[in-house]
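Following: one structure in structure tokens, then a few remarks.
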Amino acid sequence: MNVIEIKDLVKIYDNTAVQVTAVDHVDLTIEKGEFTAIVGPSGSGKTTLLNMIGGLDQPTSGNIHVDGVDITKLKSKQLIDFRLNNIGFVFQSYNLIPVLTAGENVSFILEMQGAPKVEIESRTKEILTEVGLGDRINSRPNQLSGGQQQRVAVARAMASKPKFIIADEPTANLDSKATAKLLDMMEELNRKEHITFLFSTHDQRVMNKAHRILVLEDGRIVKDEKMGVDATKE
Amino acid sequence: MIRSIAWKNVWRNRKRSLIVITAVMLGTTAGVFTSGLMQGWVDQRIDAAIFTEVSHIKLYHPDFLNNEEIGKTIPKEKSVTGFLDKHPGIKAYSKHIKLMVMASTSRGNTALMLNGIDVKKEKQVSRLYMQLLPGEGTYFEKDGSFPIVISDKTAEQLRIKSYQLDVVVLDSLKREGFPESVIVKLMALDKIRFNTKNQIEKKVTKLLTRKEISRYGGRIVKTSEHYRLRSKIVFTFTDKSGELVNQTFRVCGVFKTTNTMFDQMNAFVLQKDLAQVAGLLPDEFHEISMLLNDGYKPEQVRKDIRKAFPEISALTWKELVPDAGLMSEYMTLYYYIIMGFILFALAFGIVNTMLMAILERTKEIGMLMAIGMNRNRVFNMIMLETVFLTTVGAVAGMGLGWLVIEITGHTGINFSGVAEGLEAVGWSAVVYPSITASFFFGVTLMVVATGILSSIAPARKALNLNPVDALRSDN
Ligand SMILES: Nc1ncnc2c1ncn2[C@@H]1O[C@H](COP(=O)(O)OP(=O)(O)O)[C@@H](O)[C@H]1O
Ligand SMILES: [Mg+2]
């Protein structure tokens with residue numbers, strides 16, 4: 001089953017002196033349960049593509065269907081709710097609210113979704129334990145390492161079991177050990193909770209973990225490669 | 001959760017928040033205290049107006065107030081007092097004879113309103129008897145023919161004050177802590193009695209150094225003040241039959257209220273004395289003053305009286321002392337205006353602080369909007385943060401203001417430095433600030449409103465952020 005269907009997607013920036021085609025006629029489908037990396041050099045359009053898929057940015061043309069809904073047709077208000085209830089986000093940095101604990105950061109999104117209190121509590125504990133931070137539930141972000149913070153961010157993105165998770169260079173600020181740990185953990189969650197991951201990277205070691213690699217160059221997908229392991233089949 | 005985030009955000013930049021909170025606190029304290037001070041002043045003014053000067057309601061012959069003619073006595077006096085006796089709202093009343101007279105002594109003269117009173121009844125409606133200067137006679141307690149109680153101001157005008165640095169005065173100065181050197185110098189004036197302030201001031205100035213004068217001069221002269229009790233004052237007036245009459249009264253007491261104007265105008269004598277010399281009958285009075293029981297409004301009781309006696313003119317204290325009457329009605333509005341100005345000024349600081357906070361948190365707010373925090377929640381978060389920031393300072397300020405009022409309300413604040421001007425228009429020099437609970441409630445509402453209004457600009461700034469740009473931005 002396809003979670004994401006992208007047809008003829010174009011994003012042109014013309015707010016600068018030279019017009020930039022950041023995403024150039026992209027067609028793409030992502031199936032449920034995929035663990036896919038978008039790779040390419042800096043400026044190749046990874047962020048722009050992910051932002052449009054995540055409903056953060058409007059394409060110049062083309063459309064994106066998420067579970068049959070064309071999100072390019074949604075109004076900005078509807079889009080916010082759509083993001084809240086269907087998509088998990090992990091950014092490169094500034095993922096967490098610094099005044100809240102790890103647990104509260106995770107609970108916060110569940111609360112905004114209107115989940116019942118007991119459920120919020122148990123799910124927060126469960127997901128933080130799954131990312132290996134069950135004992136850090138009451139720690140503030142500044143009391144956690146960069147890798148731990150990113151794991152809390154993944155936990156937050158996962159908490160409400162979204163249709164897919166978008167992670168734009170989640171390991172860019174991490175050392176190799178923390179990178180490996182985060183990726184292993186993401187892969188495990190992908191397998192265990194059957195969650196679709198779509199992440200960007202230009203790190204060779206991260207690519208090696210992916211089950212499918214999309215290579216982006218100047219806004220075009222120049223290579224689409226499936227690796228051995230695959231969680232899409234049950 | 002949004003509430004808790006907002007609250008925690010207030011303390012994120014502790015130093016900056018504390019500066020704003022302190023500013024709000026001091027502003028609120030100042031506003032509350034100023035209001036309390038004014039309220040204390042107004043309360044005291046009204047209290048003095050009602051309980052010393054005019055009472056709640058006064059009755060007159062309708063023409064009396066225009067020309068104060070001796071013949072314009074209250075009609076149907078018997079049935080009027082009968083009515084007053086029966087009315088449940090009236091606590092006490094006192095009948096007065098009023099006569100405009102010319103008062104003169106060998107040294108000076110002045111125009112006065114003589115009030116002929118029944119001492120026992122008068123004490124029930126006026127506290128004037130409690131405002132006799134200590135050691136300067138009594139309120140008609142000693143027997144004697146034609147006694148009169150005059151004010152300190154009148155004594156001054158009639159020049160029946162004298163100034164003498166006798167042993168008693170020097171002794172009391174010593175006890176007040178005046179240096180021995182000053183006392184010794186003053187001893188030279190021991191036996192001399194000065195008739196005017198000017199004379200004693202001149203002598204004292206010659207004896208003391210400049211520094212001593214500026215430090216002690218005022219108190220020396222003040223303490224040396226004596227009244228010539230039992231002084232004779234001759235009053236000239238026309239009696240009921242139109243004859244010019246002279247009558248001598250002897251000073252038996254001196255009073256001083258907080259209202260110099262009232263003091264300057266009024267002197268008190270016994271009703272029977274005045275009735276006799278003016279040729280008035282026992283049922284002829286010019287004025288009836290009354291105090292009401294708690295829970296009765298002057299306007300309401302006045303309505304009852306007017307209904308029963310349409311031919312009598314009845315005035316409430318608000319009409320008799322219009323300045324105090326207006327104050328009692330409009331002061332609260334002024335307090336809110338003062339508070340409004342203060343909060344308006346503080347709002348600029350609050351808005352500025354919040355704008356800085358939003359700017360610093362651009363990425364965080366972008367992230368929150370990206371993961372699905374909608375506009376209402378973003379607005380609420382910033383509004384609550386602003387309201388918290390404002391109310392923390394305001395609550396502290398109200399507490400501090402209340403405390404200062406509580407303390408000064410007991411000790412009083414002395415404005416004698418500028419008091420002469422104040423007392424001339426009826427405002428006492430020592431003020432006991434006071435405040436009402438409802439004012440605090442009103443201020444709280446205003447503070448919250450200020451917080452909400454101050455949050456509009458910062459919230460708009462946050463809502464105008466585009467999450468994509470915010471996350472890409474470099475700060
Ligand atoms: N807001 C923008 N305005 C103008 N050009 C932009 C903007 N965002 C990205 N670009 C341009 O679009 C291209 C793709 O950028 P991006 O999607 O960030 O690539 P990547 O994430 O792969 O580094 C780049 O040339 C970048 O300069
Ligand atoms: Mg990028």
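Lettering of chains follows the sequences in order, A, B, ..., and the numbering in each one begins at 1.
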Report summary line: Residue from A:F82, A:F91, A:F108 scoring the most non-hydrogen pairs under 4.5 Å with chain B is A:F108

Report task. Rounded to the nearest 0.5 Å, what's the gap from CZ on B:R377 to CG on A:L84? Could you check? Result -> 6.5 Å

Query raised in the report: In terms of heavy-atom contacts, does NZ of A:K125 have more than 12 from other residues, nucleotides or ligands at under 6.0 Å?
Result: no

Query raised in the report: Should A:V99 and B:R12 count as side-chain neighbours, where that means a heavy-atom distance under 4.5 Å?
Result: yes

Report task. Answer yes or no: are there more than 12 heavy-atom neighbours, outside A:Y13 itself, under 6.0 Å from its atom OH? Result -> yes

Requested in this report: Can you measure from CG (A:L96) to CD (B:E364) and round to the nearest 0.5 angstrom?
Outcome: 9.5 Å

Requested in this report: Report, as yes or no, whether the 6.0 Å neighbourhood of atom CZ on B:R16 holds more than 12 heavy atoms from other residues, nucleotides or ligands.
Outcome: yes

Report task. Answer with side chain, backbone, both or neither: which region of A:T48 has an atom nearer than 4.5 Å to a non-hydrogen atom of chain B? Result -> both

Query - Point-to-point distance, once rounded to the nearest 0.5 Å, from OG of A:S76 to CZ of B:R375 - result: 7.0 Å

Query raised in the report: If you look at every heavy atom in A:R156 and B:M367, which pair is closest and at what distance?
Result: NH1-SD, 3.7 Å

Query raised in the report: What is the distance from atom CD1 of B:I5 to atom CG of A:N105, rounded to the nearest 0.5 Å?
Result: 8.0 Å

Report task. Answer yes or no: are there more than 12 heavy-atom neighbours, outside A:E121 itself, under 6.0 Å from its atom CD? Result -> no

Query raised in the report: Which region of A:L56, side chain (C-beta onward) or backbone (N, CA, C, O), has a non-hydrogen atom less than 4.5 Å from a non-hydrogen atom of chain B, or is it both or neither?
Result: both

Query raised in the report: Would the number of heavy atoms belonging to other residues, nucleotides or ligands and lying under 6.0 Å from OH of B:Y336 be above 12?
Result: yes

Report summary line: For A:L100 and B:S4, the nearest pair of non-hydrogen atoms, with its separation, is CD2-OG, 4.3 Å

Query - B:K8 with A:E104: basic N within carboxylate O range, under 4.0 Å - result: yes

Query raised in the report: Do other residues, nucleotides or ligands put more than 12 heavy atoms under 6.0 Å from A:D218 CG?
Result: no

Query raised in the report: Does any heavy atom of chain B fall under 4.5 Å from the side chain of A:I109, the backbone, both, or neither of them?
Result: side chain

Query raised in the report: Are A:T47 and B:R472 close enough, and set up right, to give a side chain to side chain contact (heavy atoms under 4.5 Å, CB included), and what steps lead you there?
Result: CA-CA 10 Å; A:T47 299; B:R472 270 189 203 262; 3.5 Å; yes

Query raised in the report: If you tally heavy-atom pairs under 4.5 Å against chain B, which of A:I97, A:D57, A:N51 wins?
Result: A:I97

Report task. Measure from the side-chain N and O atoms of A:R83 to the backbone N and O of B:A370, and report whether any donor-acceptor pair falls under 3.5 Å. Result -> yes

Report task. Indicate the atoms forming the closest heavy-atom contact of A:S107 with B:M1, along with that distance. Result -> CB-CE, 3.9 Å

Report task. Inspect the surroundings of NE2 in A:H65 and state if more than 12 heavy atoms from other residues, nucleotides or ligands are less than 6.0 Å away. Result -> yes

**Report entry** Between CG on residue B:L471 and CD on residue A:Q92, distance to nearest 0.5 Å
**Finding:** 10.5 Å

Requested in this report: Report the option among A:D81, A:L79, A:N95 that has the most heavy-atom pairs separated by less than 4.5 Å from atoms of chain B.
Outcome: A:N95

